[in-house]
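Here's the structure, in structure tokens; my notes come after.
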Amino acid sequence: SVNAIAPGYIETDNTKALREDAVRYKSILDRIPAGRWGTPEDLAGATVFLASQASNYVSGITLPVDGGWLGR
């Protein structure tokens, strides 16, 4: 089986238009419990975990890295 990372709103070139739209940016930011957009570096811990032997018995999960978006 396969594991996956489900990133939330991350500051990348792909989200530049959303971040430059003041109304959309605020509406998204207001819904992120962490109070900020994620950075690519925020995905590092989950990536290292799933690539390491620490996750040997983890199977078939999708790990959200989203600042609490799904948990709100």
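A quick note: this is a predicted structure, and the numbers were derived from the prediction, not measured.
Judged as a salt bridge (Lys or Arg N to Asp or Glu O under 4.0 Å), not a single pair has a partner in residues 43-67 (not counting sequence neighbours). The salt bridge (Lys or Arg N to Asp or Glu O under 4.0 Å) contacts involving residues 42-55 comprise R36-D42, where partners must be two or more places apart or lie in separate chains. Residue pairs meeting the salt bridge (Lys or Arg N to Asp or Glu O under 4.0 Å) criterion with at least one partner in residues 47-58, sequence neighbours excluded, are absent. Each ring pair (Phe, Tyr, Trp, His ring centres under 6.0 Å) pair with one or both residues in residues 52-72, not counting sequence neighbours, appears once here: Y9-W69. Among pairs with a residue in residues 53-64, none fulfils salt bridge (Lys or Arg N to Asp or Glu O under 4.0 Å), at least two apart in sequence or across chains.
For the atom pair N14 CG and R19 CZ, the distance stands at 9.5 Å (nearest 0.5 Å).
Taking R24 as the reference, nothing meets the side chain to side chain donor-acceptor pair (under 3.5 Å) condition, with sequence neighbours excluded. Qualifying side-chain contact (heavy atoms from CB on, under 4.5 Å) partners for P33, counting only residues two or more places apart in sequence or in other chains: R72. Under the salt bridge (Lys or Arg N to Asp or Glu O under 4.0 Å) criterion, D30 pairs with K26, sequence neighbours left out. A search for salt bridge (Lys or Arg N to Asp or Glu O under 4.0 Å) contacts involving E20 returns K16, not counting sequence neighbours. Taking the side chain to side chain donor-acceptor pair (under 3.5 Å) definition, one finds that S59 meets it with S1, sequence neighbours left out.
Counting side-chain heavy-atom gaps under 4.5 Å among Ile, Leu, Val, Met, Phe, Trp and Tyr, the cluster of F49 also holds I5, I10, L43, L50, V58, I61, L63, V65. Other residues sharing the hydrophobic cluster of V23, ordered by chain and number and joined by side-chain separations under 4.5 Å: none, the residue standing alone.
Contact detail for L70 and P64: the closest heavy-atom pair is CD1-CB, 3.7 Å.
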